[in-house]
Each structure stands twice: as structure tokens, then as C-alpha cells.
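Fair warning: this is a prediction, and the values are worked out from it, not measured in the lab.
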Amino acid sequence: MSNKILETVSTAATDDAFMRRAMELATLAEAEGEVPVGAVIVHNGVIIGEGWNRSIGHHDATAHAEMMALRQAGQALQNYRLIDTTLYVTLEPCPMCAGAMVHSRIGKVVFGAHDAKTGAAGSTMNLLSYEGVNHHVQYQGDVLAAECRAQLQAFFKRRRAEKKAAKIAARQQQDDV
């Protein structure tokens, strides 16, 4: 096996492992009633930042998984510039998070599922390597994409069913009055 192939296999296994950790964090978000997105930031093979969506619980529109991980990683490195790091996230970053990644000089973003509505790493726009910015972030999608997508779809399916059941219960209660 050539070194190039060995390197690709090794990188794929590493990407899978870190994405699985991000998926575990997404499960924490879901347990808190948040959209299940998780993120980790890795520097020299070590996780230095973790986050999961907390916008609802923190009453903070910026409390996305990526933003939480960026804050933690900045503290770990004692620098807002996160050069030579890789961010793993279960869902393609939104414009806000992609902008923060550019400003923090993240080296690479690896994401699971594409986001056809707000994805800023190629789905609806590409802010990670936008021509007019001073730093371009490498990116790769589709790492454990089916599993990441399934996690999100199951959450939204359950949430729709809960809303429907609440609506039916409210109608039933009104009819009983």
C-alpha cells in the first residue's frame, strides 16, 4: 500500500472518530431540547474545543455548536486565532459560523450532512473560501453524512409529531369545555 493511500485511510478513520464525538455532543443538544448539532475542534490530534447547540437554553442566537467549540478552543490555546486546527461538525456551517471560522483562521472544516437551506460551505453559498476574504478555510463534507442526517431527521420527525399531538390535545381539551 502506498503512503498516499495509507495516509488517506488513516485520515478517513480519524475523521470518522472525531465526527462520532461530534455526534455524541449532538445527542447532548437533543437532550436539552436543542437541534442536535455537535462540534469538536482538534489541534495536533487532540480535542481542544467541544460544543453543541445551546441557542434555546442560553437565549443566545450565537450559541451554535461551532461557536461554543470556537470559544472553548480559543481559551485552550489562549488565542482567538486557531491556526492548524480542524473543526468537525455534524451539519454544514451556517453563514454566522462560517464567518467566525474565517476570522479565527481555522485550517479545515469537516462536516457531516449538507444544509440545503443555510449551508455556507457550498450548499447555498460558500463563505469558507469566498474570494474577497483574507483567509480561506479548507472544507470537506459528507463524513458520516447518512448518520448525521438521520440524527437530524429523527429529531425533526419527533418534534413534528409532538407538536401535532399537542395541537390535538389542545383541541380535545377545548371540546371538553
Side-chain angles (χ1 to χ4, degrees), residues 12 14-42 47-76 86-102 104 106 108-128 137 139-177:
T14 300
D15 287 350
D16 285 1
F18 288 125
M19 188 62 72
R20 289 197 187 286
R21 176 60 186 152
M23 290 177 70
E24 290 172 5
L25 297 170
T27 300
L28 295 177
E30 186 170 2
E32 293 177 8
E34 304 275 356
V35 175
V37 177
V40 299
I41 298 178
V42 177
I47 294 174
I48 60 166
E50 295 186 330
W52 57 93
N53 276 358
R54 303 189 92 181
S55 296
I56 297 166
H58 284 211
H59 311 290
D60 179 358
T62 70
H64 288 194
E66 301 97 318
M67 300 297 277
M68 304 301 276
L70 286 166
R71 291 176 185 135
Q72 196 176 79
Q75 291 299 310
T86 301
L87 187 147
Y88 294 85
V89 62
T90 57
L91 181 64
E92 181 180 359
C94 73
M96 173 185 68
C97 294
M101 291 170 201
V102 169
S104 67
I106 289 280
K108 184 176 182 182
V109 174
V110 177
F111 64 90
H114 287 267
D115 185 346
K117 292 182 181 179
T118 63
S123 287
T124 62
M125 65 188 82
N126 188 349
L127 296 179
L128 295 177
V137 179
Y139 62 94
Q140 173 189 348
D142 296 323
V143 173
L144 301 180
E147 293 173 55
C148 292
R149 188 172 31 262
Q151 188 176 34
L152 286 157
Q153 288 173 337
F155 169 79
F156 285 113
K157 182 178 181 181
R158 189 189 84 243
R159 193 140 143 197
R160 284 189 299 274
E162 288 169 353
K163 283 184 179 185
K164 185 177 180 179
K167 222 176 194 179
I168 290 169
R171 267 193 236 128
Q172 185 67 29
Q173 189 177 27
Q174 192 141 13
D175 290 346
D176 290 346
V177 172

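Nearest heavy-atom pair across Ser55 and Ala61 is OG-O, 3.8 Å. When all heavy atoms are compared, the tightest approach of Gly112 to Cys148 is CA-SG, 3.9 Å. Counting all heavy atoms, side chain and backbone alike, Gly51 lies closest to Ala69 at N-CB, 3.9 Å. Here the closest non-hydrogen pair linking Pro93 and Ala98 is CB-N, 4.2 Å.
Formation of a donor-acceptor pair under 3.5 Å by the Glu92 side chain with backbone atoms of Gly122 is found in this model. Although no hydrogens or angles enter the test, the distance criterion places a donor-acceptor pair under 3.5 Å between the side chain of Gln151 and the main chain of Met23. Asn53 contributes a side-chain N or O that, together with a main-chain N or O of Ala65, makes up a donor-acceptor pair within less than 3.5 Å. No donor-acceptor distance shorter than 3.5 angstrom exists from the side chain of Glu34 to the backbone of Trp52, with no hydrogens or angles considered. The backbone N or O of Ala145 lies less than 3.5 Å from no partner atom in the side chain of Asp142, so there is not a single donor-acceptor pair.
Side-chain contact between Gln75 and Ile48 is absent, with no heavy-atom pair separated by less than 4.5 Å. Residues Asn126 and Tyr139 have side chains in contact (heavy-atom distance under 4.5 Å, counting atoms from C-beta outward). When side chains are defined from C-beta on, His64 does not count as touching Val89, because their heavy atoms never get closer than 4.5 Å. Residues Val102 and Leu127 form no side-chain contact, since every pair of their non-hydrogen atoms from C-beta on lies 4.5 Å or further apart. At a threshold of 4.5 Å between non-hydrogen side-chain atoms, the residues Ile106 and Leu128 do not count as touching.
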Could you pull out all donor-acceptor pairs under 3.5 Å where a side-chain atom in residues 153-171 meets a protein atom, sequence neighbours excluded?
| residue | atom | partner | partner atom | Å |
| --- | --- | --- | --- | --- |
| Arg158 | NE | Glu162 | OE2 | 3.0 |
| Arg158 | NH1 | Glu30 | OE2 | 2.5 |

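Glu147 and Thr90 share no donor-acceptor pair across their side chains, judged by distance under 3.5 Å alone.
Taking OH of Tyr88 as the reference point, atom NZ of Lys108 lies at 6.5 Å (rounded to 0.5 Å). Atom CE of Met68 and atom SG of Cys97 lie 11.0 Å apart (nearest 0.5 Å).
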- Item | side chain to side chain contact (heavy atoms under 4.5 Å, CB included) evaluation trace for Leu87 with Leu70 | CA-CA 9 Å; Leu87 187 147; Leu70 286 166; 4.3 Å; yes

- Task: Would you please test Met96 and Glu66 for side chain to side chain contact (heavy atoms under 4.5 Å, CB included) and show each step?
- Result: CA-CA 10 Å; Met96 173 185 68; Glu66 301 97 318; over 6 Å; no

- Chi angles and distances behind the side chain to side chain contact (heavy atoms under 4.5 Å, CB included) call for Val35, Ile56: CA-CA 9 Å; Val35 175; Ile56 297 166; 5.8 Å; no

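In this structure Thr124 satisfies the side chain to side chain contact (heavy atoms under 4.5 Å, CB included) test with no other residue, sequence neighbours excluded. Partners of Asp60 by side chain to side chain contact (heavy atoms under 4.5 Å, CB included), not counting sequence neighbours, listed by chain and number: His58, Thr62, Ala63, Arg71.
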